[in-house]
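What you see is a predicted model; the values in this text were computed from it and never measured. By convention here, the first residue in the shown sequence is residue 1. Values below: every heavy atom of this structure, side chains too, minus hydrogens, waters and symmetry copies.
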Amino acid sequence: MSDREHLVNNHGRSPILSPGARTLYLKALAGDGRLVTSTCTQEEGEALQELLGLGLLISDNEEPGSLFATDPEKLAVSLSSTWQRQALDLLARAVSIPTELTDLAEAFHTPDQTGGPIEYVQGRALINQRLQQAAASDITEALAMQPGGPRPAEMLTSFLKRDLDIIRTGASMRTIYNASTRYHQPTRDYVATLAKEGWQFRTLDEPYNRLLIFDRRLAVIPVAGNNLAAFIHDTAVISYLAQEVFERNWSRALDFEGDRTVPQQVVSQLRQTIVDLLLSGTNHRVIARRLGISERTLARHIAEMREEYNVDSLFQLGYVLGHASGTDRGGR
């Protein structure tokens with residue numbers, strides 16, 4: 001692409017001519033319409049290229065290294081005509097591009113036939129892009145199980161408008177969060193806003209895996225960490241995941257509408273899960289990660305349980321709780 005074409009295609013440039021280029025052009029006029037390149041300073045080099053690219057200065061074939069100024073009025077008429085044609089061409093292309101890319105879009109959104117009804121998507125950025133496309137496709141129902149702790153406040157803010165638009169279309173939306181989100185003010189605010197519009201939230205304090213279901217036509221599950229996901233299009237598998245995984249977890253979860261007070265039942269269930277994981281030999285870091293809480297919060301719960309059962313060590317706490325748990329099961 002020539003300098004002239006580069007400037008013509010640089011639609012965001014404003015003004016057309018920089019102050020430095022204007023000054024250099026006037027310098028050429030002061031020199032009887034001519035400019036010797038060797039007299040230009042290093043700082044004027046960029047302005048010189050700008051004038052050459054636009055056509056306000058052109059080379060003198062009879063005197064190498066010498067440039068002469070052209071008539072701005074005539075140049076303006078020529079460039080105006082050229083740019084208008086290019087603008088019309090760009091407008092036509094802008095109007096036609098959705099139609100021209102329809103077949104490619106269909107191929108992109110259609111499950112890979114070589115891979116069957118399960119499509120594997122690699123890379124967090126591409127996974128998120130596909131999820132955003134699914135959420136923006138006029139969905140009527142979405143089921144979500146979101147493990148881990150609270151999302152960053154800025155992420156919740158960025159999703160709020162989109163999610164409000166979805167729920168206000170009449171879509172049925174249900175989300176399961178970890179119980180630890182009840183302690184996070186930005187999450188409480190986010191949940192309270194959407195709950196008023198009809199979005200249903202519940203929290204579950206036991207470990208579970210991520211699951212997203214859109215209109216019972218697409219289910220998304222993690223395969224290996226956050227960098228590989230399976231996009232499932234098989235309706236039989238999706239139905240199984242909805243009924244046997246989501247609905248079973250939903251039935252055990254507790255309603256959450258963004259209220260500040262954490263129900264005692266939530267605290268009790270969270271601590272029971274902590275106890276079960278401790279008794280199974282799971283270390284503190286893994287427990288905190290599974291439950292979506294910080295290690296400091298985990299330590300606080302353990303300290304309060306020690307005080308409640310009047311014990312000094314984790315071993316004693318495990319023994320007392322294990323004995324109490326066995327007594328409860330024996331009495332049932």
Flag for Asn178-Tyr208: side-chain donor and acceptor within less than 3.5 Å: no

Working for salt bridge (Lys or Arg N to Asp or Glu O under 4.0 Å), residues Glu206 and Arg252: CA-CA 10 Å; Glu206 61 191 64; Arg252 295 196 302 275; 2.8 Å; yes

Arg174 NZ/CZ over Trp199 ring centroid, <6.0 Å and within 45° of normal: no

Non-hydrogen side-chain atoms of Thr70 and Leu57 separated by less than 4.5 Å: no

Closest non-hydrogen atom pair, Arg210 against Pro222: O-CD, 3.2 Å

Any Asn227 side-chain heavy atom under 4.5 Å of Gln122 side chain: yes

Ring-face cation contact, Tyr25 with Arg22, 6.0 Å cut, 45° max: no

Short side-chain to backbone donor-acceptor contact, Asp215 and Thr140, under 3.5 Å: yes

Parallel, tilted or perpendicular: rings of Phe201 and Tyr177 (30°, 60°): parallel

Side-chain donor-acceptor contact under 3.5 Å, Gln132 with Asn128: no

Ser81 side-chain N/O to Ser78 backbone N/O, donor-acceptor pair under 3.5 Å: no

Polar side chain donor-acceptor pair, Gln146 to Thr175, under 3.5 angstrom: no

Stacked cation flag Arg130 on Phe231, 6.0 angstrom / 45 deg: yes

Connected via hydrophobic side-chain network under 4.5 Å: Leu26 and Leu17: yes

Any side-chain heavy-atom pair of Ile139 and Arg217 under 4.5 Å: no

Side-chain heavy atoms of Leu67 within contact of Ile58, under 4.5 Å: no

Shared hydrophobic cluster for Val286 and Leu204 (ILVMFWY, side-chain gaps under 4.5 Å): no

Shared hydrophobic cluster, Leu279 / Leu277 (ILVMFWY, side-chain heavy atoms < 4.5 Å): yes

Within-4.5 Å side-chain heavy-atom neighbours: Leu278 and Ile287: yes

Residues Arg216 and Ser239: side-chain donor-acceptor under 3.5 angstrom: no

Short side-chain to backbone donor-acceptor contact, Thr23 and Pro19, under 3.5 Å: yes

Under 3.5 Å side-chain donor-acceptor pair for Ser80 and Gln84: yes

Minimum heavy-atom distance between Ala144 and Leu212, given as atom pair plus value: CB-CD2, 3.5 Å

Val245 side chain near Leu211 side chain, heavy-atom distance below 4.5 Å: yes

Joint hydrophobic cluster, Val77 plus Leu79, side-chain heavy atoms closer than 4.5 Å: no

Derivation of the side chain to side chain contact (heavy atoms under 4.5 Å, CB included) call for Ile176 and Trp250: CA-CA 7 Å; Ile176 297 175; Trp250 182 261; 3.5 Å; yes

Beyond-backbone contact of Glu44 with Lys27, side-chain heavy atoms, under 4.5 angstrom: yes

Asn310 CG: over 12 foreign heavy atoms closer than 6.0 Å: no

All salt bridge (charged side-chain N to carboxylate O under 4.0 Å, His left out) counterparts of Arg85, not counting sequence neighbours: none

Test item: Asp189 and Leu156 side chains (from C-beta on) under 4.5 Å apart, heavy atoms: no

